[in-house]
Amino acid sequence: QVQLVESGGGSVQAGGSLRLSCASSGLTYRTYCLAWFRKTPGKEREGVASGDPDGNTNYADSVKGRVTISVDSAKNTLDLEINSLEPADTAMYYCAATNRYGGCRYVGLDRDEYHYWGQGTQVTVSS
């Protein structure tokens with residue numbers, strides 16, 4: 001059974017940084033892609049970034065240059081660091097995963113590609 005648990009959300013001021021962490025269990029070693037999505041009321045859930053143990057990564061254009069994703073294959077965790085936070089980054093952030101040969105190499109940031117989801121962690125950025 002796959003489980004994803006997010007942590008690290010909170011309230012920060014614009015211009016600050018935040019690090020979110022996703023702890024996963026039950027994924028098949030080295031054949032998975034982990035990702036972060038976010039959702040604000042009235043908008044579709046959008047992909048932020050993804051990564052896998054082989055170093056394949058994807059970043060949404062909206063966050064490129066401000067976001068770094070890192071995977072710890074020993075711990076099966078996915079960390080997301082967001083810098084220069086803006087009020088527009090306020091959202092519920094979700095960790096997602098899918099089992100796929102080749103990991104993130106063949107998986108994008110389409111939410112329909114991910115089968116497992118965490119409960120989410122709230123990030124609020126004030127101006």
Residue set satisfying salt bridge (Lys or Arg N to Asp or Glu O under 4.0 Å) with Glu81, at least two apart, ordered chain then number -> Arg19
Hits for side chain to side chain contact (heavy atoms under 4.5 Å, CB included) against Thr57, two or more places apart or cross-chain, chain-then-number order -> Tyr59, Ile69
Nearest heavy-atom contact between Gln122 and Ala91 is NE2-O, 3.4 Å
Contacts of Ser21 meeting side-chain hydrogen bond (donor to acceptor under 3.5 Å, both in side chains) (sequence neighbours excluded), chain-then-number -> Asp79
So do Thr40 and Thr90 actually touch side chain to side chain, heavy atoms under 4.5 Å?
no
### Message
Looking at Asp52 and Arg100, is any side-chain nitrogen of the basic one under 4.0 Å from a carboxylate oxygen of the acidic one?
### Response
no
So the side chain to side chain donor-acceptor pair (under 3.5 Å) pairs with at least one residue in residues 1-15 (sequence neighbours excluded) are none
Salt bridge (Lys or Arg N to Asp or Glu O under 4.0 Å) pairs touching residues 107-127, sequence neighbours excluded, are Glu44-Arg111
pair Lys39-Glu46: side-chain heavy atoms closer than 4.5 Å
no
So ring-ring contact (aromatic ring centres under 6.0 Å, His included) across residues 82-113, not counting sequence neighbours, yields none
Would you please test Leu78 and Ser70 for side chain to side chain contact (heavy atoms under 4.5 Å, CB included) and show each step?
-> CA-CA 6 Å; Leu78 177 77; Ser70 58; over 6 Å; no
ask   = Hey, any chance Val67 and Met92 share a hydrophobic cluster, counting ILVMFWY side chains that come within less than 4.5 Å of each other, even indirectly?
value = no
Next item on the list: Verify side chain to side chain contact (heavy atoms under 4.5 Å, CB included) between Thr98 and Val107, making sure each step is shown before the conclusion.
Entry: CA-CA 9 Å; Thr98 185; Val107 180; 4.2 Å; yes
By side chain to side chain contact (heavy atoms under 4.5 Å, CB included), Ala23 pairs with (sequence neighbours left out) Thr77
>> Do Val48 and Leu109 make a side-chain contact, defined as non-hydrogen atoms from C-beta onward lying under 4.5 Å apart?
In response: no
Output for pair (Lys75 NZ, Ser25 OG), nearest 0.5 Å, gives 15.5 Å
**Message:** Taking Leu80 as the starting point, is it possible to reach Val12 by hopping between hydrophobic residues whose side chains are less than 4.5 Å apart?
**Reply:** yes
| request: Test side chain to side chain contact (heavy atoms under 4.5 Å, CB included) on Tyr32 and Val2 and set out the steps. | output: CA-CA 11 Å; Tyr32 61 81; Val2 176; over 6 Å; no
Contacts of Asn83 meeting side-chain hydrogen bond (donor to acceptor under 3.5 Å, both in side chains) (sequence neighbours excluded), chain-then-number -> Ser17
Those residues at least two apart in sequence (or on a different chain) that pass side chain to side chain contact (heavy atoms under 4.5 Å, CB included) with Ser84 are Arg66
Lys64 meets the salt bridge (Lys or Arg N to Asp or Glu O under 4.0 Å) criterion, sequence neighbours left out, with Asp61
* To do: Assess whether side chain to side chain contact (heavy atoms under 4.5 Å, CB included) is satisfied between Leu18 and Leu85, documenting all intermediate values.
  => CA-CA 8 Å; Leu18 205 62; Leu85 281 160; 3.8 Å; yes
Residue pairs passing the disulfide (SG to SG under 2.5 Å) test with at least one member in residues 80-127, sequence neighbours excluded, are Cys22-Cys95, Cys33-Cys104
Contacts of Ala97 meeting side chain to side chain contact (heavy atoms under 4.5 Å, CB included) (sequence neighbours excluded), chain-then-number -> Leu4, Leu27, Leu34, Tyr116
Are Val63 and Phe37 connected in a single hydrophobic cluster, I mean Ile/Leu/Val/Met/Phe/Trp/Tyr linked by side-chain heavy atoms less than 4.5 Å apart? no
Practice problem: Please check if Tyr114 and Val71 belong to a single hydrophobic cluster, counting links between Ile, Leu, Val, Met, Phe, Trp and Tyr side chain heavy atoms closer than 4.5 Å. | Solution: no
